[in-house]
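Below is one structure, written out as structure tokens; comments come after it.
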Protein chains: 2
Amino acid sequence: MRADARENRARVLAVARDLFAERGLEVPMAAIARRAGVGVATLYRRFPTKESLVVEAFSEQFAVCQGVMDDALQDPDPWLGLRMVIEKVCLLQACDRGFTAAFMASFPDLHSEVRDRTWLGFVALVQRAKDSGHLRADFSPHDLTLVLVANGGLSSLPAEVAVAASQRLVAYLLESFRAGTDALPPPVPLSLDLVLGQAVPDNSVGR
Amino acid sequence: MRADARENRARVLAVARDLFAERGLEVPMAAIARRAGVGVATLYRRFPTKESLVVEAFSEQFAVCQGVMDDALQDPDPWLGLRMVIEKVCLLQACDRGFTAAFMASFPDLHSEVRDRTWLGFVALVQRAKDSGHLRADFSPHDLTLVLVANGGLSSLPAEVAVAASQRLVAYLLESFRAGTDALPPPVPLSLDLVLGQAVPDNSVGR
DNA sequence: TGCTAAGTGGAGACCCCCGTCCGCTTGAGG
DNA sequence: CCTCAAGCGGACGGGGGTCTCCACTTAGCA
């Protein structure tokens, strides 16, 4: 790959990251190209589809997520680990308008091995936190998804308040998650697979 | 207005309500027309813009909202009233994919008198609930917006789980809202006006 | 310095959506 | 039954999105 091409590719990625964070995934490819000072074709030569650009642009953030989970698993205090996972991932979500959508969009593509390993790790963390007596007994690992989806809804807020709103929401929720509170309705079996398998029927208007 | 025209209008409205609830506001006008068995022009003769159709289709739900708030204000137990407001409005949101967006879109048009009256009523309800000792002292009326926006995020879930997820989320949150729990970071001044005034800059690609 | 393959950008094909226009159809009063 | 305004539907204009094609430019090696 030629030197100038490599530089262009890097600039495109940086611009894409910025714009996705600022405006969400619906930012047009042409806008990214213009801001990066290249033509649309250059984008499409390096990233065959918009989705591939999205995945590449967010791969760093996904790695951070992975790291957060690993750290949490190694924390001797499982309750603290759990709190950290929720707080940090929600903060990532709140700071980056495109993060949730990118996460959802690329989740099926993430190597299922990685994905399953992470999920099982979280399940174990939840169990340890319950055993330690700090996490309420009827907390379900699926509640992580619940928190993520709810917190993702905040990305419709203007950036100035999104972070503060997310922090307050998470604080409220974490307080409920602590042991010693009353019983809840049964947990929702809310796997990410379910979230992703949304039917989008009958979009073919021409029939 | 001719009899057949009135019938068509009613059918369009019914179909629109169904489709908006099922798929959200981004359902095309053509799809509504097709399902209602009419042409696109018929839609636009009765409803000059898509937005006007949305507002009309959801006016019933908005009235329900208003009623919920009124009921809550008249409940002798302010904490119960507060719970009811949150639970019922969140349920409406969870059952209807288009509700949140329609609410946001039509909010500026709602006569500001109605809007202010409702808001002030809620603020009063919050104060009474605090005075009764059931609601935590650092709860902010703006937290209602926080709950609504977070709960609105759940509408990205498939319909089968959205309601259950919403109920669990609300149950968690209400538990935190009860008096006697620890202090939280300061409340977010999260008015609906702020939510609505989202900048959508630089969308004019042609420059 | 000259050659060539890699790289480039913009025009445009294709699709989807909102909203309009216009020639045809039909309800219903006389 | 006849008339005609009210009603109708589909074609179409305009705009914005993704992605492709192709004639031109340039980096970098000999």
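Looking only at side-chain heavy atoms (C-beta outward), B:Asp143 and A:Leu169 stay at 4.5 Å or farther from each other.
Of the residues near DNA chain C, B:Leu25 and B:Ala3, the one whose nearest nucleotide (by heavy atom distance) lies more toward the 5' end is B:Leu25. Nearest-nucleotide positions on DNA chain D place A:Glu26 closer to the 5' end than the other of A:Ala41 and A:Glu26.
Distance CE (A:Met1) to P (D:dG28): 12 Å, rounded to an integer number of Å. Taking atom CD of residue A:Glu7 and atom C1' of nucleotide C:dG7, one finds them 13 Å apart after rounding to whole Å. Going from atom CZ of B:Arg11 over to atom P of D:dG7 covers 15 Å, rounded to whole Å. Per the geometry, CG belonging to A:Leu43 stands 14 Å off C1' belonging to D:dT20, to the nearest Å. The nearest whole Å value for the distance from the CZ atom in A:Arg6 to the C1' atom in D:dG28 is 13 Å. The interatomic distance linking B:Arg9 (CZ) with D:dA6 (P) rounds to 17 Å, in whole Å. As rounded to whole Å, 15 Å separates atom P of D:dT18 from atom CZ of A:Phe47.
Taking side-chain N and O atoms only, A:Tyr44 has a distance below 4.0 Å to OP1 or OP2 of D:dC19. Between B:Arg46 and C:dG19 there is no side-chain polar atom (N or O) within less than 4.0 angstrom of OP1 or OP2. Phosphate proximity of C:dG7 to A:Asn8: absent, as no side-chain N or O sits under 4.0 Å from OP1 or OP2.
With values rounded to the nearest 0.5 angstrom, B:Leu135 atom CG is found 6.5 Å from B:Lys130 atom NZ.
Nearest to the side chain of A:Lys50, among D:dT18, C:dG7, C:dG9, sits D:dT18. Closest approach to the B:Pro28 side chain among C:dC17, D:dG9, C:dG27 is made by C:dC17 (side chain taken as heavy atoms from C-beta onward). Side chain of A:Arg45, nearest nucleotide from C:dG7, D:dT20, D:dC8: C:dG7. Comparing atom distances between the B:Val38 side chain and each of D:dG9, C:dG19, D:dT26 picks out D:dG9 as nearest. Proximity note for A:Met29 (side chain, C-beta onward) versus D:dT20, D:dT18, D:dG7: the nearest is D:dT18. Distance from the side chain of B:Arg2 is smallest to C:dG27 among D:dT26, C:dG27, D:dG9.
The backbone N or O of A:Gly152 lies less than 3.5 Å from a partner atom in the side chain of A:Ser155, making a donor-acceptor pair.
A donor-acceptor contact under 3.5 angstrom links the side chains of A:Gln66 and A:Thr118, judged on distance only. Between the side chains of A:Ser166 and A:Asn151, at least one donor N or O lies within less than 3.5 Å of an accepting N or O.
In this structure, the helix from C:dT1-D:dA30 to C:dG30-D:dC1 shows an angle of 10° between the axis at its start and the axis at its end, each fitted on 5 base pairs and rounded to 10°.
Salt bridge absent: B:Glu26 and B:Lys50 never bring a charged side-chain N and a carboxylate O closer than 4.0 Å.
In this structure, the ring of B:Phe177 has its center less than 6.0 angstrom from the ring center of A:Tyr172.
Ring geometry for B:Phe122 against B:Trp119 counts as tilted: the plane angle lies between 30° and 60°, on a 0 to 90° scale.
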